[in-house]
Amino acid sequence: MLNSLLLLVARILIAALFVPAGISTLSNISGTAGYFAGLGFPLPTIVALGVGLFELIGGLLVLVGFQSRVVPVLLAAFALAAGFIGHYGQGGDDAAMAFMHQQALMKDIATAGGLLALSVAGAGALSLDRMLLRQPI
């Protein structure tokens, strides 16, 4: 039972990163689209909408423990892509900004590691996956 509780806590902590990020992105599409345009993305408004929905829905799916072998892998790939596209080598000659981007990249790499571990472990007994399979706790 302790493992299931720890997996639930892990899911909550991971969701606490993605759900608010998705809400923030969807709440400021124009600002996020401007950021993506600055990175050279075509159709930045559509990219911003897709990213916001992916973060929000993916985070919610992790939170409830649904498709817990697949969704974390997709979010891990997203975190790595976001880290390397948005942070690798950014900051230029501004040492503080370069440090901030380096830390953000490392956070994305660590997040991907946690998501991959969650995918291997599964969501645990306190999850929608378990309820749908009608397995006892």
Side-chain angles (χ1 to χ4, degrees):
M1 187 61 165
L2 179 59
N3 283 349
S4 291
L5 286 174
L6 290 175
L7 285 168
L8 174 61
V9 170
R11 294 191 344 253
I12 291 168
L13 294 173
I14 291 170
L17 177 67
F18 284 99
V19 172
I23 291 169
S24 177
T25 298
L26 294 172
S27 297
N28 185 11
I29 291 292
S30 63
T32 306
Y35 173 72
F36 286 132
L39 291 174
F41 278 88
L43 305 170
T45 301
I46 293 171
V47 172
L49 184 60
V51 164
L53 289 171
F54 186 77
E55 289 173 324
L56 178 61
I57 293 168
L60 290 172
L61 292 175
V62 165
L63 180 63
V64 299
F66 182 69
Q67 292 295 313
S68 57
R69 302 290 184 170
V70 175
V71 171
V73 172
L74 297 175
L75 284 171
F78 172 82
L80 289 173
F84 282 100
I85 291 169
H87 300 298
Y88 182 76
Q90 300 292 329
D93 294 331
D94 183 339
M97 288 301 292
F99 177 77
M100 187 276 306
H101 281 289
Q102 179 186 15
Q103 293 303 305
L105 172 61
M106 297 310 293
K107 182 258 316 164
D108 288 336
I109 292 169
T111 299
L115 285 159
L116 293 174
L118 179 63
S119 175
V120 170
L126 305 173
S127 67
L128 190 55
D129 281 348
R130 196 255 341 136
M131 289 172 50
L132 293 174
L133 292 173
R134 291 182 166 58
Q135 294 174 337
I137 291 181

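Remember, predicted model here, so these are calculated numbers, not experimental data. Atom set for the values below is all heavy atoms of this structure, side chains included, hydrogens, waters and symmetry mates excluded.
- Considering L56, L115, I23 in turn, L115 is the only one that fulfils the side chain to side chain contact (heavy atoms under 4.5 Å, CB included) rule with F18.
- Closest approach of A112 and L80 over heavy atoms only: CB-CG, 3.6 Å.
- For T25, the side-chain hydrogen bond (donor to acceptor under 3.5 Å, both in side chains) criterion is met by E55, not counting sequence neighbours.
- Annotation: the span from T111 atom OG1 to L17 atom CG amounts to 5.0 Å, rounded to 0.5 Å.
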Checking side chain to side chain contact (heavy atoms under 4.5 Å, CB included) for the pair Q67/L61: CA distance, chi angles, key distance, verdict?
-> CA-CA 7 Å; Q67 292 295 313; L61 292 175; 5.8 Å; no
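- Environment of CE in M106: sparse, with no more than 12 heavy atoms of neighbouring residues, nucleotides or ligands closer than 6.0 Å.
- If you take OH on Y88 and CG on D108, they are separated by 14.5 Å, rounding to the nearest 0.5 Å.
- Separating the CE atom in M100 from the CD atom in Q90 is a distance of 9.0 Å, to the nearest 0.5 Å.
- Each of L49, V51, T45 was checked for a side chain to side chain contact (heavy atoms under 4.5 Å, CB included) with V47, and the lone residue meeting it is V51.
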Would you check, one step at a time, whether the test side chain to side chain contact (heavy atoms under 4.5 Å, CB included) holds for F36 with L43?
-> CA-CA 9 Å; F36 286 132; L43 305 170; over 6 Å; no
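- The shortest distance between side-chain heavy atoms of I85 and L39 falls below 4.5 Å.
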Report the C-alpha separation of L126 and M1 in whole Å, then their side-chain angles, then the decisive distance to 0.1 Å, and conclude whether the side chain to side chain contact (heavy atoms under 4.5 Å, CB included) test is met.
-> CA-CA 9 Å; L126 305 173; M1 187 61 165; 4.3 Å; yes
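- Shown here for P44 and A37, the closest heavy-atom pair between the two residues is CB-N, 3.7 Å.
- Of the possible donor and acceptor atoms, one in the side chain of T32 sits under 3.5 Å from a partner among the backbone N and O of N28.
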Full working for side chain to side chain contact (heavy atoms under 4.5 Å, CB included) between R69 and V73 | CA-CA 7 Å; R69 302 290 184 170; V73 172; over 6 Å; no
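- The ring-ring contact (aromatic ring centres under 6.0 Å, His included) search around Y35 returns none, not counting sequence neighbours.
- Side-chain atoms of S127 come within 3.5 Å of backbone N or O of G124 as a donor-acceptor pair.
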